[in-house]
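Worksheet: one structure, shown below.
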Amino acid sequence: MAGGLFLSGAIAALLTSALPAQPPSPGFVDPPPDKIVIKVATVNGSGCPLGTAAVAVSEDNTAFTVTYSDYLAQAGGGSDPTAFRKNCQLSLIVHVPGGFTYAIADADYRGFAALQPGATGTQRASYYFQGSSQTAYKSHPFAGPYNDNWQATDSTEWAQLVWAPCGVQRNFNINTELRVSAGNQASDKVSFMTMDSTDGDISTVYHLAWKECPKT
């Protein structure tokens, strides 16, 4: 998972904390045309064992996608007591063209859930820049009975976006979590929730936004 993604053009936005060392200028700009490099610094967690997560950047550089193939939480029946919660922390090194900064405007999560009556599931994500004390959390609950694909979107209004510091390299961290509770009505039966699709992979898409940094 180390290695980098190289492309011409530019991506844009990640979401969360850390106030910019210099505030970006107001207003939206198109993705800058220079080369961008995204490297995966680390991928850690029970929901993304080694070799089961990958990152790709869209051709128009306005989004990137994280794909998982072994992200499943379950409870009830004969489930392992530790299987009710799975998580994955992704740390990205994002090299952006000079004079620009980014923030995550939206994040789309997809998967499948089979929850017995009385069971519950939760998808949660947090976003923060390395070295920041501020973290943005988003949670999406699901209740049984449920047996279908699920989708959740974290959205941030333009005025509330938190931008990467201008002129400072900070890793961007995304920590996702799936949590399942069997409840009391059908605790003898397995309930589960995955970040998964019919082909066994789940694509989590992060939509990016750009701003120009102040001229120095």
Side-chain angles (χ1 to χ4, degrees), residues 1 13-17 40 42-49 52-56 58 63-77 79-92 103-129 134-157 160-162 172-187 189-208:
M1 294 304 306
L14 280 63
L15 205 166
T16 165
S17 57
V40 180
T42 57
V43 178
N44 292 308
S46 55
C48 52
T52 66
V55 180
S58 65
F64 67 91
T65 301
V66 183
T67 302
Y68 304 94
S69 60
D70 191 20
Y71 204 151
L72 180 149
Q74 67 179 53
S79 301
D80 187 309
T82 65
F84 78 99
R85 176 186 178 273
K86 294 294 177 72
N87 81 297
C88 183
Q89 176 153 318
L90 182 71
S91 182
L92 299 176
I104 282 194
D106 298 281
D108 297 324
Y109 297 91
R110 296 178 179 86
F112 185 86
L115 304 174
Q116 301 293 334
T120 58
T122 302
Q123 183 273 326
R124 188 175 191 246
S126 61
Y127 312 84
Y128 63 97
F129 288 103
Q134 300 178 358
T135 304
Y137 295 94
K138 304 282 186 177
S139 294
H140 302 276
F142 298 86
Y146 190 102
N147 187 31
D148 203 349
N149 295 317
W150 62 267
Q151 180 173 342
T153 298
D154 295 344
S155 298
T156 304
E157 295 295 329
Q160 297 176 321
L161 290 174
V162 182
F172 184 74
N173 300 297
I174 303 167
N175 192 4
T176 59
E177 176 183 317
L178 292 179
R179 189 184 293 258
V180 174
S181 173
N184 297 320
Q185 293 180 239
S187 59
K189 298 180 180 180
V190 173
S191 291
F192 69 89
M193 188 171 181
T194 74
M195 279 209 230
D196 206 319
S197 64
T198 54
D199 62 0
D201 290 337
I202 150 268
S203 293
T204 299
V205 181
Y206 298 87
H207 302 275
L208 312 170

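L115 pairs with exactly one of V190, V180, D148, T120 by the side-chain contact (heavy atoms from CB on, under 4.5 Å) rule, that one being V180.
Annotation: side chain to side chain contact (heavy atoms under 4.5 Å, CB included) contacts of A125 (sequence neighbours excluded): Y109, Q123, Y127, D154, T176. Qualifying side-chain hydrogen bond (donor to acceptor under 3.5 Å, both in side chains) partners for S79, counting only residues two or more places apart in sequence or in other chains: Q74. Every side chain to side chain contact (heavy atoms under 4.5 Å, CB included) that P117 has, sequence neighbours left out, goes to P145, Q185. Contacts of R179 classified as salt bridge (charged side-chain N to carboxylate O under 4.0 Å, His left out), with partners at least two apart in sequence or in another chain: E177. Not a single side-chain hydrogen bond (donor to acceptor under 3.5 Å, both in side chains) links T42 to another residue, sequence neighbours left out. Scanning for side-chain hydrogen bond (donor to acceptor under 3.5 Å, both in side chains) contacts around D80 gives T82, with sequence neighbours left out.
The side-chain heavy atoms of N173 and Q89, taken from C-beta on, include a pair separated by under 4.5 Å. Using a 4.5 Å heavy-atom threshold, the side chains of Y71 and T194 count as separate. In this structure, the side chains of I174 and Y128 stay at 4.5 Å or more apart for every pair of heavy atoms.
Residues C48 and A53 share a closest heavy-atom pair of CB-CB, 4.1 Å. Minimum heavy-atom separation, Q116 to S191: N-OG, 2.9 Å. Nearest heavy atoms, Y146 versus N149: OH-O, 2.8 Å.
The CG atom of D108 sits 7.5 Å away from the OG atom of S155 when rounded to the nearest 0.5 Å. Rounding to the nearest 0.5 Å places SG of C88 at 8.0 Å from CG of N175.
T122 places no side-chain N or O within 3.5 Å of a backbone atom of P141 that could act as its donor or acceptor partner.
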Candidate pair L72 and L178, rule side-chain contact (heavy atoms from CB on, under 4.5 Å), full reasoning: CA-CA 7 Å; L72 180 149; L178 292 179; over 6 Å; no
